[in-house]
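Position 1 is the first residue of the sequence, and the numbers go up from there. Just the heavy atoms: all of them, side chains too, but no hydrogens, waters or symmetry mates, feed the values below. For clarity, every value in this text was computed on a predicted model and none was experimentally measured.
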Amino acid sequence: TTLGVLEPYRMFTSRAEYRLHLREDNADVRLTPLARGLGGLVPDEDWAAFEMRQERISAERKRLEGTFLKPTEEHNAWLRGNQSAEIEDGLSLAVLLRRPEMNYSLIARSFPPELSLSTSEAERLEVEIKFDGYLRRQELEIAKLKKMENAKISSDFSFLAIEGLSIEVKQRLTESAPGTLGQASRIPGVTPAALSLLAIHLKRASSQRPKAA
């Protein structure tokens, strides 16, 4: 079933800590390839449109990253006029966009691309550039947890002994007695932060377990 195929991805869908990764504006990026892979759920015409959107956003990101402002009086006057600090060295438009007072529409008006983005495409690009560092860290955390999803939890493992977990999470884990980290992730109230802590203790317990002769 569709639910069964998407089950590994349900691990994070209700987790507030990953709200930057699980945004409304990138839902098509996350779900369209999955639906396409199921066969027949995404018509060729829609898939072609999706790929074109991806190409436009990717091309514009490359342009912003590769276009540098020189510290000329004209550029610094433009920055001052937009309540932004002057520059002393070259600065890419992508780095400029990360400034809190800057937005994509302002930059695109002054330094226009060859192909204009739609409003939704521009919004997604702006979020991804402004929060690039946070998104990368979240992706690493998600990848680590997905890699450990099948990590076994022994029946005698004590959730109550894990320092840093809330009493509520300890109780939920103890009552549910999950057999793997993936099962623990689907228990209501068990956050990614709790899963990360649990993963650390599972790895520690595994390393301390006597090896077979």
Side-chain angles (χ1 to χ4, degrees), residues 1-35 37-38 41 57 94-95 97-104 120 123-212:
T1 65
T2 301
L3 182 60
V5 172
L6 299 181
E7 183 66 26
Y9 300 90
R10 296 178 63 206
M11 188 170 178
F12 310 103
T13 53
S14 63
R15 307 311 194 212
E17 288 87 340
Y18 294 128
R19 58 187 178 275
L20 271 180
H21 183 74
L22 301 174
R23 307 187 313 275
E24 180 180 353
D25 64 73
N26 72 353
D28 64 329
V29 180
R30 293 182 284 108
L31 302 179
T32 302
L34 294 176
L38 293 174
L41 296 184
I57 294 172
V95 172
L97 181 54
R98 293 193 181 102
R99 293 184 174 185
E101 70 277 6
M102 285 291 168
N103 58 65
Y104 176 76
S120 62
E123 288 176 351
R124 190 183 121 204
L125 177 61
E126 181 171 337
V127 169
E128 291 182 351
I129 290 179
K130 278 187 175 293
F131 299 100
D132 183 64
Y134 296 102
L135 287 166
R136 288 180 186 275
R137 282 197 291 273
Q138 284 191 359
E139 288 170 359
L140 287 174
E141 291 173 8
I142 291 172
K144 287 179 181 178
L145 288 176
K146 286 179 68 175
K147 188 176 181 180
M148 288 193 66
E149 189 177 38
N150 295 322
K152 302 293 184 182
I153 302 176
S154 62
S155 58
D156 60 349
F157 185 86
S158 176
F159 299 106
L160 299 176
I162 301 179
E163 295 184 4
L165 289 182
S166 68
I167 294 176
E168 180 186 1
V169 170
K170 289 180 179 180
Q171 290 175 340
R172 288 174 181 261
L173 288 169
T174 301
E175 292 170 0
S176 300
T180 65
L181 189 65
Q183 291 176 8
S185 75
R186 288 181 275 277
I187 298 173
V190 178
T191 66
L195 286 174
S196 295
L197 193 56
L198 176 56
I200 291 173
H201 281 263
L202 287 176
K203 190 172 183 179
R204 185 179 302 165
S206 176
S207 65
Q208 295 174 347
R209 189 175 301 125
K211 295 183 179 180

**Q** Quick one: salt bridge (Lys or Arg N to Asp or Glu O under 4.0 Å) pairs with a partner in residues 163-174, sequence neighbours left out?
**A**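 Found E168-R172.
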
**Q** Could you grab the distance from atom NZ of K203 to atom CG of L198, nearest 0.5 Å is fine?
**A**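 Interatomic distance, K203 NZ to L198 CG, rounded to 0.5 Å: 13.5 Å.
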
**Q** Who passes side-chain contact (heavy atoms from CB on, under 4.5 Å) against I167, sequence neighbours left out?
**A**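 Applying side-chain contact (heavy atoms from CB on, under 4.5 Å) to I167 gives Q171.
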
**Q** In Å and rounded to the nearest 0.5 Å, what is the CG to CD1 distance from L195 to I200?
**A**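 Here the interatomic distance stands at 11.5 Å.
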
**Q** One pair to check against side chain to side chain contact (heavy atoms under 4.5 Å, CB included): I153 and L173. What are the steps and the verdict?
**A** CA-CA 11 Å; I153 302 176; L173 288 169; over 6 Å; no

**Q** Just to verify, what does N150 make a side-chain contact (heavy atoms from CB on, under 4.5 Å) with, not counting sequence neighbours?
**A**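 Checked N150 against side-chain contact (heavy atoms from CB on, under 4.5 Å); zero matches.
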
**Q** Identify the two heavy atoms, one from K130 and one from M102, that lie closest to each other, and give their separation to 0.1 Å.
**A**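 Shortest heavy-atom separation between K130 and M102 comes out as NZ-O, 2.9 Å.
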
**Q** Identify, with sequence neighbours excluded, every residue that meets side chain to side chain donor-acceptor pair (under 3.5 Å) alongside R98.
**A**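 In terms of side chain to side chain donor-acceptor pair (under 3.5 Å), with neighbours along the sequence ignored, R98 is linked to no residue.
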
**Q** Not counting sequence neighbours, list each pair that qualifies as a ring-ring contact (aromatic ring centres under 6.0 Å, His included) and has a residue in residues 136-159.
**A**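 Those involving residues 136-159 are F157-F159.
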
**Q** Using the ring-ring contact (aromatic ring centres under 6.0 Å, His included) rule, collect all pairs that involve residues 165-207, keeping only residues at least two apart or in two chains.
**A**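 Not a single pair qualifies under ring-ring contact (aromatic ring centres under 6.0 Å, His included).
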
**Q** List the atom of P178, the atom of A184, and the distance in Å for their closest heavy-atom pair.
**A**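 Looking at all heavy atoms of both residues, the closest pair is CB-N, 3.6 Å.
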
**Q** Which heavy-atom pair separates L41 from A35 by the least distance, and what is that distance?
**A**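 Looking at all heavy atoms of both residues, the closest pair is CB-O, 3.4 Å.
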
**Q** Would you please name every residue forming a ring-ring contact (aromatic ring centres under 6.0 Å, His included) with Y104, sequence neighbours left out?
**A**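 None.
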
**Q** Can you confirm whether E149 sits close enough to T180 that some side-chain heavy atom of one is under 4.5 Å from a side-chain heavy atom of the other?
**A**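 When only atoms from C-beta onward are counted, T180 and E149 do not touch, as no gap falls below 4.5 Å.
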
**Q** If a pair satisfies ring-ring contact (aromatic ring centres under 6.0 Å, His included) and one of its residues is in residues 165-184, list it, with sequence neighbours excluded.
**A**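 For residues 165-184: none.
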
